[in-house]
Structure formats: C-alpha cells, structure tokens
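Reviewing the structure listed below.
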Amino acid sequence: MRYGSVCSGIEAATVAWHGLGWAAAWYSEIEPFPCAVLAYHYPTVPNLGDMTLLPERIRSGEVEAPDILCGGTPCQAFSVAGQRQSLADARGNLTLTFCEVADAIDAVRRAAGYKPSIIVLENVPGVLNTSDNAFGCFLAGVAGERLPLEPPGGRWTDAGAVYGPARAIAWRVLDAQYFGVAQRRRRVFVVASARDDFDPAAVLFEFGGVRRDTPPSREAGQGAARAIGGGPEGGSIAGAVTRKWAKGSGGPAGDECYNMVAFDTTQITSRDNRSNPQAGDPCHPLAAGAHAPAIALHPTQDPIHSSDGTTHALGCGSAGGSASVAVATGITVRRLTPRECERLQGFPDDYTAIPWRKKPADQCPDGPRYKALGNSWAVPVVRWIGQRIADATNPQSTPTVGATA
C-alpha cells in the first residue's frame, strides 16, 4: 500500500504503518515545526504543502494518486476551545477539501484501471454535533449525495455506517486509553471507500465482541509502555489514568490546573479545594518509585470532566499554544516533559527532538514539541486501523498511479 497524508503533522500514520510495509507517497503540511520534523525523519518523501491545491495537481498527473488517503483536518473548528465555528471556520472547511482530494484520487485511479482509494479521516468528537450539521455535510461529500445527510434521531451517534452512491462509509469514536497508552483521548475515525470488495464497517466494527459496553478495567495492565527513565525493559504505563480530579492551584505559572493529589504511589484522591489527601481511587502511575506521578492537565480542546470522571491527558490550545500537561508528585505539580508526551501518544522517545532554528536536536525547545504532539494522533490507534485495513484487503503490490516523472 502507498498512502498520501494531508494535514500530516508529525506523521503518526507513518510511525504506525511502517511495520505493515506501507510507504508514504507524499505529505501535505504547512506548519513550520511539523514540516521540519517531516524533513528530518523522512527526507525522501515530498511535502506538497497546501492541501487546497492538491485536487488539481492530482488530476493533472503531477501528484501520485495513492492507495490510501489519510488525514486529520484541524480540530479547532469543532472543539469547545476553538469556539466551534465549524464550517464557517476556514479550518473546518478543510474537511470538505478532503472530500475533493479523495474524489480527484479516485478519478485518476479509475481512469488508469485501478481500484478506488481507501480513506482514513480523524477529528474530535465535537464534529458529530455542530449546529450546522458539519458531519452530515462531510458524509454527503464522501458518499456522493447532493444534500447533507441528516442524523437519525436528531444527532450523530458515536458509531455508524452510510452506504451511498459513491462510497461506503463507517465511523467510530475510539479512545486511546484502550490501545495501550496512558491517556484518555477520544477521537472520531472515519474509514470509507468505493471499492466493491471492501466494507469499511469490517475495519472499524468488531462484530465478534461483547454485545454491550462494559466498564473500563481498573486493574493495572501489562507492558503498555516504558516507564519514564526506564530502559527498553523498564516499567510500564499501565492502562488509563482516570478518576477523581480536584480543582486547585500549583500548576504551571498562570495556568488554572485540575490537579490530582497523590496519596501514595498507587492512590490518588479528590476532595475539592482541599490539600489533605484521603485514600481514593487507584491510579496507574507514570513511573515507578516512591513518588510515582499521576497525569494531570488544565482544560484544553475538550471539556475536562466527563460523566465517569476520566479526563483527557494531552491536548493543544485552540490558539496554537503548547499542550499544557502536568504530573503530580506528592502534592506538587510539574509539567510533563516532551518525552513523556511522546510516550503518551505512542511515538519513539525524542521523535520530536530535532535541530530547530539553528539549535541542535538536544536543545530543541519544548513549546513546538508540545504543540505538535497535542495535534497528532495516538499511534497505537492508527496502527490498529491500518492492520484492520490490511486484513480486509490483503493488498498486492501495485505500480505507481497517476504520477509523471
């Protein structure tokens, strides 16, 4: 499989899919620091820049029409922190541009006698319930309908499928905490294709699973990720850091922080605005030791609280600020290091530590690393989707389509 990536960021897809033997045909990214990360790690893969120019470039044969088109269009237009301007926001409109890129790819592939592409799109769950029905507009564009699709019951659910005249589509909200990283990160993933022998529902839906939702396990998992400061065989970030937050101070300067107060190495507590810890719910520590920290952060793209008390553990400010995440050690709070954030997202250690603005990699500033990681995908989730696509297609190697020398 060869894939093209729009809004590529720091390329979680490439990290996730390398083990499948898939290769990137091109990237499309305009932010300076992610562009530098791409150039540093993948110097032979062209970065085509502005995605709005891609449909014409693909149809002309200048740019390859790959087997897979993936991307995570900017989420700020659909998130609470981004004021939810939806399709009225130019960033939100890139979701519809994504449809145009997919149509251009499939037109070229059909003309060359190859199967249509497979689409993978990611965004925040807020895209499902905007006032202008942005998700219905997107589904219509992908499915080949003239008018926006309307959700049954008045709102789009967390999972579903549409079979339209142009493509079959499936979507599902997936939470990174169930894929081996220690953060709660819910994102909508869409898989679609016009292939007759490919059903996106077979990729995203697990028909052999249990018939109803079960509560998350509160027991420590095994081998989810290396502990901070540990070697390849070090400790693990086991399961998800959840439950019981207390609003207080002590976070990074100037930030309002929802802090978890450590009771001991395996317990946290929540007594609003009180400093005396009491035995509370179990928490999987980020690192082993006498003062094992627990993950905390201030509100970012999404609401900090939810009905079950869990929280999002890595995000990016709506105005492009850095991810603001912290760990509580004892009753003090410190900011997570970029390396810890890389591990929370499933990237290799120091993946974002690159030479930047005349400074060597070991002096790369933290700010752009936090922002790039907060805007990226959780690698294990994308790896799971890629493996499911591979299992559903059993692809054979094919020649390059639609690109001229």
What is the distance from atom [atom1] of [X] to atom [atom2] of [Y], rounded to the nearest 0.5 Å?
X: D366; Y: L336; atom1: CG; atom2: CG; result: 11.0 Å
X: S8; Y: W26; atom1: OG; atom2: CH2; result: 7.5 Å
X: C341; Y: R369; atom1: SG; atom2: CZ; result: 9.0 Å
X: E62; Y: R57; atom1: CD; atom2: CZ; result: 4.0 Å

**Item:** Within 6.0 angstrom of L20 CG, more than 12 heavy atoms from elsewhere
**Value:**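 Enclosed: over 12 neighbouring heavy atoms sit under 6.0 Å from CG of L20.
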Ignoring hydrogens and geometry, is there a side-chain-to-backbone donor-acceptor pair from [X] to [Y] under 3.5 Å?
X: R167; Y: V142; value: yes
X: E64; Y: A25; value: no
X: S117; Y: I68; value: no
X: E342; Y: D350; value: yes
X: T337; Y: E340; value: yes
X: S5; Y: Y27; value: no
X: W17; Y: V382; value: yes

Give every donor-acceptor pair under 3.5 Å between a side-chain atom in residues 32-48 and any protein atom, sequence neighbours left out.
residue, atom, partner, partner atom, Å
H41, NE2, Y351, O, 2.7
Y42, OH, Y351, OH, 2.8
N47, OD1, E29, N, 3.0
N47, OD1, G49, N, 3.1
N47, ND2, E29, O, 3.3

**Item:** Inter- and intrachain pairs under side chain to side chain donor-acceptor pair (under 3.5 Å), touching residues 152-164, at least two apart
**Value:**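 Qualifying pairs, neighbours excluded: N133-W156, D158-R186, Y163-D199.
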**Prompt:** Hey, are Y3 and T14 close enough side-chain-wise for a donor-acceptor pair under 3.5 Å?
**Reply:**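 Yes, because at least one side-chain N or O of T14 sits under 3.5 Å from a partner of the opposite role on Y3.
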**Any pair counted as ring-ring contact (aromatic ring centres under 6.0 Å, His included), so long as it reaches residues 372-392, sequence neighbours left out** =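 Checked against ring-ring contact (aromatic ring centres under 6.0 Å, His included) - neighbours excluded - the pairs reaching residues 372-392 are F179-W384.
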**Request:** Can you sort out the partners of A104 under side chain to side chain contact (heavy atoms under 4.5 Å, CB included), two or more places apart, ordered by chain and number?
**Result:**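 So A104 forms a side chain to side chain contact (heavy atoms under 4.5 Å, CB included) with P55, I58, R59.
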**Residues that P360 engages under side chain to side chain contact (heavy atoms under 4.5 Å, CB included), provided they are two or more places apart** =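 So P360 forms a side chain to side chain contact (heavy atoms under 4.5 Å, CB included) with D362, Q363.
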**Request:** Could you pull out all residues at least two apart from R172 that satisfy salt bridge (charged side-chain N to carboxylate O under 4.0 Å, His left out)?
**Result:**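 Listed in chain order: E206.
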**Asked** Going through the distances and angles, do D67 and K115 end up as a salt bridge (charged side-chain N to carboxylate O under 4.0 Å, His left out)?
**Response** CA-CA 8 Å; D67 302 289; K115 291 182 177 181; over 6 Å; no
**Verdict with reasoning, R195 to D106, per salt bridge (charged side-chain N to carboxylate O under 4.0 Å, His left out)** = CA-CA 10 Å; R195 297 187 180 196; D106 281 358; over 6 Å; no
